[in-house]
Number of protein chains: 2
Amino acid sequence: MDIEQQVAQAKLVCEKRGARFTALREQVFTLLAKHNSAVGAYDLLSELQVIDSSAKPATIYRALDFLNQQGFVHKIESINAFVMCDHFSECNHPVQLLICDDCGYVEEIQSENLDLAIRSMADASGFKIKHQVVEAHGYCAKCQSDKN
Amino acid sequence: MDIEQQVAQAKLVCEKRGARFTALREQVFTLLAKHNSAVGAYDLLSELQVIDSSAKPATIYRALDFLNQQGFVHKIESINAFVMCDHFSECNHPVQLLICDDCGYVEEIQSENLDLAIRSMADASGFKIKHQVVEAHGYCAKCQSDKN
DNA sequence: TAAAAAATGATATAATTTATCTTCACGGTT
DNA sequence: AACCGTGAAGATAAATTATATCATTTTTTA
């Protein structure tokens with residue numbers, strides 16, 4: 001799916017939800033979509049400032065907040081960075097990421113078993129899960145082979 | 001296991017490894033051990049400053065770094081806080097946490113299935129995992145019942 | 001159109017973490 | 001015991017990440 005399609009899809013989803021996909025939010029969405037790896041908020045801010053020189057930290061954080069709430073982007077807690085969601089139309093799925101510590105590439109996975117394993121442990125303790133952070137760090141296939 | 005035993009155990013482990021469990025590191029270890037929930041670095045710093053008024057941020061971060069490397073404490077990436085490890089003698093186990101967003105209680109779980117699920121997804125992509133961050137947020141049994 | 005709600009602008013600041021350089025303490029070696 | 005190399009801690013500063021607050025503008029709704 002190319003970026004224009006993603007934007008169109010996001011607009012559609014927002015319309016359905018009564019959420020406002022404003023020009024600013026679209027800009028941030030597009031900037032992030034152009035990366036195929038994780039990006040820090042301040043890096044994104046620098047990019048945004050090329051278009052909109054008045055942008056400030058709060059500008060980018062607010063936009064990211066919104067996009068995150070809509071499920072379009074994920075925050076990677078372990079590296080303070082943001083990444084596009086691979087399947088943003090289906091909302092509210094558990095987020096599970098493989099993060100390459102070498103090249104920064106992020107792969108979003110979907111393991112039902114993983115989700116079940118967490119939930120069954122939680123159930124055993126009477127714990128009610130609202131949100132999961134699953135971030136595996138290591139080296140992607142490409143970076144491993146590059147080392148040979 | 002009470003705190004003195006934990007300290008003794010930590011000393012033993014460090015000795016075996018040729019790592020230095022200095023007075024400062026012991027103080028930070030003990031402070032953290034007194035909590036049964038996650039604590040922020042600056043909260044810990046405040047507590048340390050009662051004993052050692054010259055302590056600075058770097059002081060606490062260095063000690064936490066060491067304790068983390070030894071596997072005695074875990075950093076909770078999603079809330080920027082630290083917690084004692086439940087089983088610090090067995091090193092290098094994957095860290096899996098249930099974090100109560102109400103009372104701050106942290107339960108460390110050990111699910112082989114969870115670990116396997118992540119690894120099997122990684123294998124499928126040729127991804128080599130070095131470190132996992134698994135942090136489930138929600139409400140513990142106690143906080144749920146308190147709401148009734 | 002007026003009022004309410006939401007988004008953005010602008011400014012400041014808080015919170016978290018790391019870098020750097022110096023000094024000190026410990027362990028092994030001559 | 002004095003010497004020396006290494007790692008730890010002290011001191012200072014600064015980088016990085018994130019939020020608070022209040023004014024202004026835009027959009028929605030009554």
Side-chain angles (χ1 to χ4, degrees), chain A residues 10-11 14-32 38-70 72-83 99 101 104 133 135, chain B residues 10-11 14-32 38-70 72-83 104 133 135:
Chain A
K11 278 182 179 163
C14 282
E15 201 158 346
K16 272 188 206 162
R17 293 178 188 165
R20 288 158 59 183
F21 197 71
T22 63
L24 179 64
R25 288 163 177 176
E26 180 175 336
Q27 281 165 2
V28 174
F29 181 97
T30 303
L31 286 174
L32 191 52
V39 195
Y42 278 78
D43 289 342
L44 224 41
L45 177 58
S46 298
E47 295 178 16
L48 181 59
Q49 284 171 335
V50 174
I51 309 167
D52 171 2
S53 63
S54 76
K56 301 283 182 313
T59 313
I60 207 84
Y61 278 103
R62 283 198 281 227
L64 287 169
D65 241 38
F66 171 85
L67 298 172
N68 185 49
Q69 274 171 38
Q70 297 303 321
F72 300 156
V73 318
H74 301 308
K75 175 168 189 192
I76 307 180
E77 300 289 351
S78 53
I79 55 173
N80 298 318
F82 298 82
V83 71
I99 301 148
D101 291 334
V133 175
E135 302 171 2
Chain B
K11 277 182 180 164
C14 283
E15 201 157 347
K16 273 188 204 163
R17 294 178 186 164
R20 287 158 60 184
F21 198 71
T22 63
L24 179 64
R25 289 163 175 176
E26 179 174 337
Q27 281 165 1
V28 175
F29 181 97
T30 303
L31 287 175
L32 192 52
V39 196
Y42 276 77
D43 290 341
L44 224 41
L45 177 57
S46 298
E47 294 177 17
L48 181 59
Q49 284 171 335
V50 173
I51 308 166
D52 171 2
S53 63
S54 76
K56 302 283 184 313
T59 314
I60 208 82
Y61 278 102
R62 283 198 281 229
L64 287 170
D65 241 38
F66 171 85
L67 298 173
N68 185 50
Q69 274 170 40
Q70 297 303 321
F72 300 157
V73 317
H74 301 307
K75 175 167 190 194
I76 308 181
E77 299 289 351
S78 52
I79 55 172
N80 297 320
F82 298 82
V83 71
V133 175
E135 301 171 1

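We use all heavy atoms of the structure for the numbers below, so side chains are in, but hydrogens, waters and symmetry mates are not. Since the structure is predicted, the reported quantities are computational estimates derived from the model, not experimental observations.
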If we fit an axis to the first five pairs and another to the last five of the helix from dT1(C)-dA30(D) to dT30(C)-dA1(D), what angle do they make, to the nearest 10°?
30°
Of all nucleotides in DNA chain D that come within under 4.0 Å of a heavy atom of chain A, which is furthest toward the 5' end and which toward the 3' end?
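Both ends considered, the range comes out as dT17(D) to dT27(D).
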State which residues pass side chain to side chain donor-acceptor pair (under 3.5 Å) with D101(A); sequence neighbours excluded, sorted by chain then number.
H137(A)
Does T22(A) make a side-chain N or O approach to OP1 or OP2 of dT8(C) shorter than 4.0 Å?
yes
Phosphate OP1/OP2 of dT8(C) contacted by R25(A) side-chain N/O (<4.0 Å)
yes
For [X] and [N], give me the distance from atom [atom1] to atom [atom2], rounded to whole Å.
| X | N | atom1 | atom2 | result |
| --- | --- | --- | --- | --- |
| I60(A) | dA10(C) | CD1 | P | 15 Å |
| Q49(A) | dG9(C) | CD | P | 12 Å |
| L67(A) | dT8(C) | CG | P | 10 Å |

Taking S78(A)'s backbone N and O only, do any of them form a donor-acceptor pair with E135(A)'s side chain (distance below 3.5 Å, no angle check)?
yes
Look up atom CD in Q27(B) and atom CG in L48(B), then write down how far apart they are to the nearest 0.5 Å.
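Between Q27(B) CD and L48(B) CG, I get 6.0 Å after rounding to 0.5 Å.
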Point-to-point distance, once rounded to the nearest 0.5 Å, from SG of C14(A) to CZ of F72(A):
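Atom-to-atom, C14(A):SG and F72(A):CZ are 4.0 Å apart.
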Review item, side-chain donor-acceptor pairs of residues 58-67 of chain A, under 3.5 Å, at least two apart:
residue	atom	partner	partner atom	Å
T59(A)	OG1	K56(A)	N	2.9
T59(A)	OG1	K56(A)	O	3.1

Using side-chain contact (heavy atoms from CB on, under 4.5 Å), reason through N80(B) and E77(A) one step at a time and then give a plain yes or no.
CA-CA 9 Å; N80(B) 297 320; E77(A) 300 289 351; over 6 Å; no
Please tell me if the side chains of V28(A) and V73(A) come closer than 4.5 Å, counting only heavy atoms from C-beta onward.
no
Mind checking whether R25(B) and R20(B) have side chains closer than 4.5 Å, heavy atoms only?
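The answer is yes; the side chains approach within 4.5 Å.
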Closest-nucleotide 5' rank along DNA chain D - winner of R20(A) and F66(B):
F66(B)
Listing request: all side-chain hydrogen bond (donor to acceptor under 3.5 Å, both in side chains) pairs with a residue in residues 44-53 of chain A, at least two apart in sequence or in separate chains.
H35(A)-E47(A), D52(A)-S54(A)
Identify, with sequence neighbours excluded, every residue that meets salt bridge (charged side-chain N to carboxylate O under 4.0 Å, His left out) alongside E26(B).
K11(B)
Protein-to-nucleotide contact annotation, 5' to 3' order, nucleotides 15-23 of chain C [B base; S sugar-phosphate only; - none; under 4.0 Å, heavy atom]:
-BBBBB---
Restricting to side chain to side chain contact (heavy atoms under 4.5 Å, CB included), what partner residues turn up for V83(A), sequence neighbours left out?
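Partners of V83(A) under the side chain to side chain contact (heavy atoms under 4.5 Å, CB included) test: H74(A), I76(A), V106(A).
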